[in-house]
Amino acid sequence: MRPETRLPPAATLSQRSTPTTSVDDTHLDRQACKKVRVCARNLGMADDLTPDSDSTGQSRRLPAGRKAELAAYVAEVGQVTVAKLAERFAVSADTIRRDLDQLDADGLLIRTHGGAVSLSAVPRPDTGLDVRMRLQTTAKEKIGALTASLVQDGTAVVINAGTTTLAVVRQLREQRELTIATNSLRIPAEISPEVYRDLYVFGGQVRLSAQATVGPVSFKTASAGGDVEVRFDLAIIAVGAIDAEGGFSTSNLGEAAMMAEMMDHATTVAVLADHSKFGRRLFAQIADLGRADYLLTDSEPPPEVADALDEAGVKVLVASTEDS
């Protein structure tokens, strides 16, 4: 009789549930990588962060450990491509894409076309609107609510295209009889029709990534045979950067010129920027700091910027940090 052959028991893999966990996107600091690792551990993805070895003795990462390290790496660098991640983690691009899809679903990063962005990252100039809408969301919501309180019934308001200004129009609920002009292609779909009497969109070149038009701040009519002069009670302008010496700036030359013209056509100018915009200078200057009457933000500006704003006579309004 042959001796009985005993096979080793099959390995049993236990799969944990992955509850949705969000990462606070209103803080950009050196602890971002650590925070993501903590979230990954809470999601059950960090059971084994140390490399294992395969049958040949070569070091390899287990899927859970790789995902945790991947999330931490994206939080550290801010924005990265699939190709770069595949090279760094020595896995296929398809594997990275699946990992990024899962990490996006778990709220640890934002999946983009060809890569990923950290929730706390400052977006690059070419970052699409849909991605930027998911960055600094809490800060933008608070700024939006505060800015909406400046809008009075029956006034004419010009609003530039941007994710922070989208947050503003969503907060315009109680106002009535507004005349609104914008270069945003998204605002007409976002704003309640109950709040405005007339809504105009400026013509010009269409920037698909920003979902905005770029052109003159004017309107042509057949009866007048030319441009009609327009004036606004309030200009609501979201900017890309604020610097003590460079003033307000953005990454696109055409948009910078249009935003400056919007300011020139308004009696009162309110500039919007979250904390990540402070101390930065982008390609095209919009205006000096003194061109604004108000700066609406989610946290106190750093001392150098705060002093420059005070000297320029700009009133800084900080949105409440209390939960809505």
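All residue numbers refer to positions in the sequence shown, counting from 1.
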Asks: Residues in side-chain hydrogen bond (donor to acceptor under 3.5 Å, both in side chains) with Ser218, at least two apart?
Replies: none
Asks: Determine the minimum heavy-atom distance between Thr147 and Val168, stating which atoms define it.
Replies: CB-CG2, 3.8 Å
Asks: Apply the test side chain to side chain contact (heavy atoms under 4.5 Å, CB included) to residues Glu300 and Phe278: give CA-CA distance (whole Å), side-chain angles for both, the deciding distance (0.1 Å), then the verdict.
Replies: CA-CA 10 Å; Glu300 294 288 347; Phe278 293 138; over 6 Å; no
Asks: Donor-acceptor pairs under 3.5 Å, side chain of residues 302-309 to any protein atom, not counting sequence neighbours: which ones?
Replies:
none

Asks: So which atom in Phe232 and which in Val157 form the shortest heavy-atom distance, rounded to 0.1 Å?
Replies: CD2-C, 3.8 Å
Asks: For residues Val314 and Leu289, report the shortest heavy-atom separation together with the two atoms involved.
Replies: CG2-O, 3.2 Å
Asks: Starting from Val169, can I reach Leu150 by hopping between I/L/V/M/F/W/Y residues whose side chains sit under 4.5 Å apart?
Replies: yes
Asks: Is the shortest heavy-atom distance from the side chain of Val201 to the side chain of Pro188 under 4.5 Å?
Replies: yes
Asks: How long is the straight-line distance from CE of Met262 back to CD of Glu255, given to the nearest 0.5 Å?
Replies: 9.0 Å
Asks: Quick one, Glu141 with Arg170, criterion salt bridge (charged side-chain N to carboxylate O under 4.0 Å, His left out). Give me CA distance, side-chain angles, the key distance, then yes/no.
Replies: CA-CA 9 Å; Glu141 289 171 0; Arg170 294 189 188 109; over 6 Å; no
Asks: Is there a side chain to side chain contact (heavy atoms under 4.5 Å, CB included) between Val195 and Ile191? Walk through the geometry before answering.
Replies: CA-CA 8 Å; Val195 307; Ile191 192 169; 3.7 Å; yes
Asks: Go through Asp298 and Lys142 one step at a time and tell me if the salt bridge (charged side-chain N to carboxylate O under 4.0 Å, His left out) criterion holds.
Replies: CA-CA 7 Å; Asp298 63 312; Lys142 293 180 182 299; over 6 Å; no
Asks: When you measure from the side chain of Thr81 to the backbone N and O of Gly114, does any donor-acceptor pair fall under 3.5 Å?
Replies: no
Asks: Would you name the heavy atoms of Ala116 and Leu100 that are closest together and state the gap between them?
Replies: CB-CD2, 3.8 Å
Asks: Which residues pass the side-chain contact (heavy atoms from CB on, under 4.5 Å) test with Gln205, not counting sequence neighbours?
Replies: none
Asks: If I take atom CZ from residue Arg98 and atom CG from residue Leu103, how far apart are they, to the nearest 0.5 angstrom?
Replies: 13.0 Å
Asks: Nearest 0.5 Å, please: how far is CG in Leu317 from CG in Leu296?
Replies: 4.5 Å
Asks: Going by the rule salt bridge (charged side-chain N to carboxylate O under 4.0 Å, His left out), which residues pair with Lys315 if we only count those two or more places apart in sequence or in a different chain?
Replies: none
Asks: Looking only at heavy atoms, which two atoms of Ala292 and Val271 are closest? And how far apart?
Replies: CB-CG2, 3.6 Å
Asks: Test your reading of the model: is there a side-chain donor-acceptor pair from Arg111 to the backbone of Gly115, 3.5 Å cut-off?
Replies: yes
Asks: Distance-only check: which donor-acceptor pairs under 3.5 Å involve side-chain atoms of residues 233-249, not counting sequence neighbours?
Replies:
unit_1	atom_1	unit_2	atom_2	d
Asp233	OD2	Ala156	N	2.8
Asp243	OD2	Glu245	N	3.0
Asp243	OD2	Gly246	N	2.7
Asp243	OD2	Arg281	NH2	3.0
Ser249	OG	Leu282	N	2.9

Asks: Just verifying a value: how many Å separate Phe202 CZ and Leu185 CG, rounded to the nearest 0.5 Å?
Replies: 12.5 Å
Asks: Closest approach of Asn252 and Gly254, non-hydrogen atoms and distance?
Replies: OD1-N, 3.0 Å
Asks: If the condition is side-chain contact (heavy atoms from CB on, under 4.5 Å), which residues does Ser92 pass it with, not counting sequence neighbours?
Replies: Asp94, Thr95
Asks: Pick from Leu253, Asn183, Ile286, Thr250: which one makes a side-chain contact (heavy atoms from CB on, under 4.5 Å) with Met258?
Replies: Asn183
Asks: How would you list, by chain and number, every residue that makes a side-chain hydrogen bond (donor to acceptor under 3.5 Å, both in side chains) with Asp99, sequence neighbours excluded?
Replies: Arg66
Asks: Stepwise, does the side chain to side chain contact (heavy atoms under 4.5 Å, CB included) test hold for Thr179 with Thr155?
Replies: CA-CA 6 Å; Thr179 298; Thr155 55; over 6 Å; no
Asks: Supply the atom-to-atom distance Asp198 CG to Leu178 CG, rounded to the nearest 0.5 angstrom.
Replies: 10.5 Å
Asks: Taking atom OH of Tyr200 as the centre, report whether more than 12 heavy atoms of other residues, nucleotides or ligands fall under 6.0 Å from it.
Replies: no
Asks: Does some side-chain heavy atom of Gln175 sit less than 4.5 Å from a side-chain heavy atom of Gln152?
Replies: no
Asks: For atom OH of Tyr294, decide whether the heavy atoms of other residues, nucleotides or ligands shown that lie under 6.0 angstrom number more than 12.
Replies: no
Asks: Sequence neighbours left out, what passes salt bridge (charged side-chain N to carboxylate O under 4.0 Å, His left out) with Asp288? Give chain and number order.
Replies: none
Asks: Might you work through the side chain to side chain contact (heavy atoms under 4.5 Å, CB included) test for Asp274 and Ile143, ending with a clear yes or no?
Replies: CA-CA 8 Å; Asp274 64 69; Ile143 294 171; 4.0 Å; yes
Asks: Would you compute the distance between atom CG of Leu166 and atom OG of Ser184 and round it to the nearest 0.5 angstrom?
Replies: 5.0 Å
Asks: List the residues meeting side-chain contact (heavy atoms from CB on, under 4.5 Å) with Ala145, not counting sequence neighbours, and say none if there are none.
Replies: Gln171
Asks: Answer yes or no: is there an ion pair linking Arg291 with Asp264, defined by an N-O contact shorter than 4.0 Å?
Replies: yes
Asks: Could you tell me whether the side chain of Val80 reaches within less than 4.5 Å of the side chain of Tyr73, counting heavy atoms only?
Replies: yes
Asks: Are any side-chain N or O atoms of His265 and backbone N or O atoms of Arg231, one a donor and one an acceptor, separated by less than 3.5 Å?
Replies: no
Asks: Using the test salt bridge (charged side-chain N to carboxylate O under 4.0 Å, His left out), find all partners of Arg173 that sit at least two apart in sequence or belong to another chain.
Replies: none
Asks: Mind checking what makes salt bridge (charged side-chain N to carboxylate O under 4.0 Å, His left out) contact with Asp153, not counting sequence neighbours?
Replies: none
Asks: Sorted by first residue and then second, give each ring pair (Phe, Tyr, Trp, His ring centres under 6.0 Å) pair with at least one member in residues 175-198; sequence neighbours left out.
Replies: none
